[in-house]
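I have placed the structure first, in the form of structure tokens, so that the comments after it can refer back to it.
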There are 2 protein chains.
Amino acid sequence: MGSIELKKAGLKVTHPRIKILEILENAANHHLSAEDVYRALLDSDTEIGLATVYRVLTQFEAAGIVKRHHFDGGQAIFELDTGDNHDHMVCMKTGRVEEFKDEMIESRLQAIAKERGFKLSHHSIILYGVYADNEE
Amino acid sequence: MGSIELKKAGLKVTHPRIKILEILENAANHHLSAEDVYRALLDSDTEIGLATVYRVLTQFEAAGIVKRHHFDGGQAIFELDTGDNHDHMVCMKTGRVEEFKDEMIESRLQAIAKERGFKLSHHSIILYGVYADNEE
DNA sequence: CTAGGTGCAAACATTTTGCATGGTT
DNA sequence: AACCATGCAAAATGTTTGCACCTAG
């Protein structure tokens with residue numbers, strides 16, 4: 001149950017928060033926009049305002065429960081923060097998102113930052129392309 | 001003069017387009033939002049509608065004259081497309097943006113994409129942090 | 001009981017679009 | 001002259017906020 005995460009984050013255990021956590025955990029696609037979450041809630045007969053979805057997602061982000069990404073296309077995408085700091089590949093044809101993590105790249109980025117006197121806080125790597133099995 | 005680029009792109013050589021090209025070329029900071037460009041135009045006593053700025057920047061992007069980036073913070077950032085495919089480091093304190101390019105990372109990304117059957121079109125790498133000389 | 005959470009509608013910020021007018025080739 | 005570009009205002013999008021009401025602890 002997500003109630004533990006919520007308490008740990010100092011957030012009251014409310015119906016909307018539990019439901020949204022469930023959606024994020026169980027969704028087939030783990031990368032959802034606020035609108036996606038909202039629709040998933042409606043699909044499970046849960047009436048929660050879109051404003052609340054945004055508020056909850058923002059609180060979850062502050063609490064380190066979710067991560068917010070800005071892929072091309074305007075709206076923010078959220079996913080559970082598993083702690084590993086993975087990066088993303090986005091299929092431009094289907095919208096499918098996959099994750100990857102590469103130590104060689106990570107350490108190279110650290111080195112580049114160091115060379116330049118840049119205190120690295122976090123980074124975003126996004127690969128845009130098409131999965132071979134999705135081509136026509 | 002930018003008129004050559006414009007003609008090559010099949011765009012009529014108009015006052016707004018020339019001016020906007022000038023701004024992009026001469027700005028101290030080469031990474032500008034549409035609003036930044038708009039204000040720079042006003043500062044040089046050029047009255048051009050914000051809608052036109054957006055339209056022109058979008059056309060420039062389609063023509064390969066500028067690149068559009070989505071750094072954290074909502075609005076799109078534009079820069080001249082020099083052809084080299086550099087990446088960015090963004091100072092979270094000052095907003096300063098620097099560029100870098102690393103062949104090791106590039107080739108590693110290619111390899112990762114290949115491994116996964118992903119036809120790479122382009123990528124975005126953004127480092128967020130603070131420049132040491134900007135810390136207090 | 002009380003602090004904090006929620007819903008709704010309105011406000012916001014950014015970007016896009018319709019349409020009548022104006023400028024380039 | 002024909003076509004494309006521009007300005008303005010309005011619309012569209014994605015997200016945030018004010019406020020009255022409600023609920024978890």
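Atoms considered below: every heavy atom in the structure, side chains included; atoms not considered: hydrogens, waters and symmetry mates. The model shown is predicted, which means the values in this text are computed figures rather than measured ones. We name chains A, B, ... by the order of the sequence lines, and we start the count at 1 in each one.
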Can you tell me how far [atom2] of [N] sits from [atom1] of [X], to the nearest Å?
| X | N | atom1 | atom2 | value |
| --- | --- | --- | --- | --- |
| Glu47(A) | dG7(C) | CD | P | 9 Å |
| Asp72(A) | dT15(C) | CG | C1' | 15 Å |
| Ile77(A) | dT13(D) | CD1 | P | 16 Å |
| Gln59(B) | dT24(C) | CD | P | 15 Å |
| Ile20(B) | dT6(D) | CD1 | P | 8 Å |
| Arg17(B) | dG23(C) | CZ | P | 15 Å |
| Lys19(A) | dG5(C) | NZ | C1' | 18 Å |
| Leu50(A) | dA10(C) | CG | P | 16 Å |

Worksheet item: Going through the distances and angles, do Asp72(B) and Val90(B) end up as a side-chain contact (heavy atoms from CB on, under 4.5 Å)?
Response: CA-CA 9 Å; Asp72(B) 280 6; Val90(B) 181; over 6 Å; no
Worksheet item: With under 30° as parallel and over 60° as perpendicular, where do the rings of His86(B) and His88(B) fit, or are they tilted in between?
Response: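 Perpendicular: the ring planes of His86(B) and His88(B) meet at over 60°.
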Worksheet item: Taking it one step at a time, do Leu6(B) and Leu21(B) satisfy side-chain contact (heavy atoms from CB on, under 4.5 Å)?
Response: CA-CA 9 Å; Leu6(B) 293 177; Leu21(B) 214 39; 4.1 Å; yes
Checking contacts here: which listed nucleotide ([options]) is nearest the side-chain heavy atoms of [X]?
| X | options | result |
| --- | --- | --- |
| Gln75(B) | dT15(D), dT15(C), dG5(C) | dT15(C) |
| Tyr54(B) | dT6(D), dC8(C), dT14(C) | dT14(C) |
| Leu11(B) | dG5(C), dT15(C), dA5(D) | dA5(D) |
| Ala51(A) | dA5(D), dT17(D), dG5(C) | dT17(D) |
| Thr14(B) | dT15(D), dA24(D), dT6(D) | dT6(D) |
| Ile48(A) | dG7(C), dT15(D), dT17(C) | dG7(C) |
| Lys12(B) | dG5(C), dT25(C), dG18(C) | dT25(C) |

Item to complete: Could you tell me whether Asp84(B) and Lys101(B) make a salt bridge, using a distance below 4.0 angstrom between a side-chain N and a carboxylate O?
Response: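 No, no charged N to carboxylate O under 4.0 Å.
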Worksheet item: 5'-most contact on DNA chain C: Lys7(B) or Thr58(B), nearest heavy atom basis?
Response: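 Result: Thr58(B).
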Worksheet entry | Most 5' of His15(B) and His70(B) on DNA chain C, judged by nearest nucleotide |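 Its nearest nucleotide lies further toward 5', so the answer is His70(B).
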Worksheet item: Of the residues in residues 28-39 of chain A, which ones touch DNA chain D at a heavy-atom distance under 4.0 Å?
Response: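 Within this stretch, nothing sits under 4.0 Å of the strand.
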Discussion item. Tell me if a side-chain donor or acceptor on Arg17(A) pairs with a main-chain N or O of Lys12(A) at a distance below 3.5 Å.
Written reply: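 It does hold such a pair.
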Worksheet item: How about Tyr131(A) and Met89(A): do any of their side-chain heavy atoms sit closer than 4.5 Å?
Response: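 Yes. Closest side-chain heavy atoms under 4.5 Å.
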Worksheet entry | CD (Glu47(B)) with more than 12 external heavy atoms under 6.0 Å |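 No, CD of Glu47(B) has 12 or fewer neighbouring heavy atoms, counting only those of other groups under 6.0 Å.
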Item to complete: Examine the side chains of Glu79(B) and His30(B) and answer whether a donor and an acceptor come within less than 3.5 Å of each other.
Response: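 No, no side-chain donor-acceptor contact under 3.5 Å.
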Fill in: Base dG4(C) paired with Arg55(A) side chain (donor-acceptor, <3.5 Å)
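When only heavy-atom distances are counted, Arg55(A) does not reach the base of dG4(C) through any donor-acceptor pair under 3.5 Å.
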